[in-house]
Amino acid sequence: MSPAKLSIDYEKELNEQQLEAVRHIDGPLLVIAGAGSGKTRTLVYRVAFLVENRIKAQNILLLTFTRKAAQEMLRRASTLLDERCSDVAGGTYHSFSYLILRKYADKIGFKRGFTVLDRSDSEDLINLIRADMGLSLKETRFPRKDTLGDIFSKAANCLTDATSILEKQYPQFFHLAEDIEVVRKRYEETKKDDNLMDYDDLLVYLKELLEKNPGTRERLSSLYRYIMVDEYQDTNKIQSSITSLLASGHGNVMAVGDDSQSIYSFRGANFKNIMDFPSLFPGSKIVTIEKNYRSTAPILSLTNEIISFASEKYSKKLRTDIKGGRKPLFVETQDENEQSRFVCYKILELREEGVSLNNMAVLFRAGWHSNDLELELRKFGVPFRKFGGIKFTEASHVKDVLAYLKAFKNPRDAVSWFRILKLIEGIGSKTAQTLHAEIGRKGGIEKIEKRLYSSKNYRSDMEELKKTASFVNDETTRASDAVRTVLDFYREIFMRVYSEDYPKRANDLDSLAVVAERYSSVEEFLTDLTLEPIEKSQAGTTRENDEDEILTLSTVHSAKGLEWHSVFILQLVDGYFPSSYCFEEPEEMEEERRLLYVAATRAKRNLYLVKPGYLNPARNYFGFSYYGTSQVSRFLSEGRILQDFVERISADV
């Protein structure tokens, strides 16, 4: 076959290292893309390059950690080349798993119409089992439903058992391991009996499908002949296994990531995945992209020095063509309040110099580290938004509405039915259980007989609920109409249940109705909100709000992938950053180092490192006394960082 005639001048558009990665077609490729090095650009051009080289778009799979990221990359590739790129399969591991399992559910013991539980629904189901076993009545304190959910989730994502998670992360409950394992077993059995899956099951059962069905695995591997994975350092063990299984027929995997930005082990991400990629995929080519397009040279000199002390890493040194720039500024304040006032004064000073509040951020290790600063910002009249909060779909009134839709679409969904039935006055747990049993047997609430409730004071509510379900389940009903019909039924219940603050909550329900207008079917609407919940801040954003200046406060975990002109990093005290909880665990301490690296690499022009004086251990409300709370972060005291890589300034507030 003659070489394809390329319409894009890749040599002109990409730097040497990006070009090397983009031009690689067959065989495993690991791209170590440093912070601000154009990782997304590399992925976009790789998609275009593959399509230009006569590879069918349908044979390309792009896996990212948000569906929005995949959609944006494919949109950019389509703009760059043509609409063929829009046919590339792209999404998250979970959405991809959902797509595949919908087609092959019968091969793993499920029906194709299974329901996906969100985290709160999973916890409710766990709680039902916990209560049914009488464990909530034990004299010994038994883990709450959310803790059990965490344990089961971590076990699934780390490919281990619950006992191992208990031993390492929840030693206080280790003596209850036997009972906890029984709860887990019943939880798994109940889900399968009721045709339910939780988030983790999507990955678990895709892995099972690929492992136990060679024909299906070969078919999928043949279909997706070119696999690209974004943010590979954030994958967990099961995602790594899925990637390997999907590539078993060809080995054409391009993994893009940065080992220095692996900071999500608490979610199950496995740092070893990116480090072990060459051994998992023999013959791997490794390309390191080191040219940074974000930060000044002095900032990169500091970040390179911080990460140079890491015990395990891929060798790289970020460089830039951006000229000039001041060294990162290091300031010690007398106490936490002076730290807050320094930040406020400096923010106002930068604002006077023409830097928008939108282009500034204050980052910290833990959410509560900004408590004092938030009070000062209010005094100074500086508007701010803090990131890392409650998800829109986790608000109880929003979950109520979603439960109606889930219950109507899946008569066997006990969690959703219990939730909505118990919202009706006069229906308790026992009655809800009886009604749901009949709904499950009949295959829908529309089919149950009136005699079950004709003499009850809630009979009119039941009749209205049946009419609502019938309308929602009509195949011609659009998602927006379904949501508004449910809201009509729910309105009086809503005002009664949330009588103290329903006016404030009402905006969320209006937002839910607006979101539903984007979807044609209820199934599609539920899938999106379950697999990728909408942030409350996103749902409430208006064009007017977007035009207002607002300062960002954020944990480092929530700031990854973002950038600002000027960045402040707070509480650079040993025991705070790094956290004292990591002092005895070398691997966790190394992740703390990477956290600081991620925080520092968010800055484009100005970086402020703030170390307050003695921090009172009493601020920790759990009774834990911090160690060394007056010492500067150990990551700044290594080598000659404070001597050579920063400029010391006084607080002057």
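The chain is numbered in sequence order, starting from 1. Reckoned from all heavy atoms, side chains included, excluding hydrogens, waters and symmetry mates.
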Self-check item: CZ (Arg102) with more than 12 external heavy atoms under 6.0 Å
Solution: yes
Quiz item: Are there more than 12 heavy atoms of other residues, nucleotides or ligands under 6.0 Å from atom CD of Glu524?
Solution: yes
Show every donor-acceptor pair shorter than 3.5 Å between a side-chain atom in residues 19-28 and any protein atom, with sequence neighbours excluded, or say none if there are none.
unit_1	atom_1	unit_2	atom_2	d
Glu20	OE2	Lys285	NZ	3.4
Arg23	NH2	Glu11	OE2	2.8
His24	NE2	Asp26	O	3.0
His24	NE2	Gly27	O	2.9
Asp26	OD1	Tyr226	OH	2.8

Donor + acceptor pair across side chains of [X], [Y] (<3.5 Å):
{"X": "Glu16", "Y": "Gln18", "answer": "no"}
{"X": "Thr147", "Y": "Asp150", "answer": "no"}
{"X": "Ser153", "Y": "Asp200", "answer": "yes"}
{"X": "Tyr98", "Y": "Thr527", "answer": "yes"}
{"X": "Gln233", "Y": "Gln261", "answer": "no"}
{"X": "Tyr187", "Y": "Asp198", "answer": "yes"}

Exercise. Taking the side chain as every heavy atom from C-beta outward, state whether Ile32 and Ile274 have any pair of such atoms under 4.5 Å apart.
Key: yes
Straight-line distance of [X] [atom1] to [Y] [atom2], nearest 0.5 Å:
{"X": "Thr288", "Y": "Gln17", "atom1": "OG1", "atom2": "CD", "result": "7.0 Å"}
{"X": "Thr115", "Y": "Leu117", "atom1": "OG1", "atom2": "CG", "result": "7.5 Å"}
{"X": "His94", "Y": "Asp201", "atom1": "NE2", "atom2": "CG", "result": "9.5 Å"}
{"X": "Asp258", "Y": "Leu318", "atom1": "CG", "atom2": "CG", "result": "7.5 Å"}
{"X": "Ser633", "Y": "Tyr576", "atom1": "OG", "atom2": "OH", "result": "13.5 Å"}
{"X": "Phe65", "Y": "Asp230", "atom1": "CZ", "atom2": "CG", "result": "8.0 Å"}

With sequence neighbours excluded, tell me which residues meet salt bridge (charged side-chain N to carboxylate O under 4.0 Å, His left out) with [X].
{"X": "Arg594", "answer": "Glu591"}
{"X": "Lys145", "answer": "Asp124"}
{"X": "Arg602", "answer": "none"}
{"X": "Glu189", "answer": "none"}

Quiz item: Can you name the one residue among Arg634, Gln631, Lys611 that meets side-chain hydrogen bond (donor to acceptor under 3.5 Å, both in side chains) with Asp574?
Solution: Arg634
Practice problem: Mind checking ring pair (Phe, Tyr, Trp, His ring centres under 6.0 Å) for Tyr93 and listing every partner two or more places apart, or none if nothing turns up? | Solution: none
Quiz item: Parallel, tilted or perpendicular for Phe110 and Phe114, by the 30°/60° rule?
Solution: perpendicular
Practice problem: Run the ring-centre check on Phe577 versus His369 and record whether the distance is less than 6.0 Å. | Solution: no
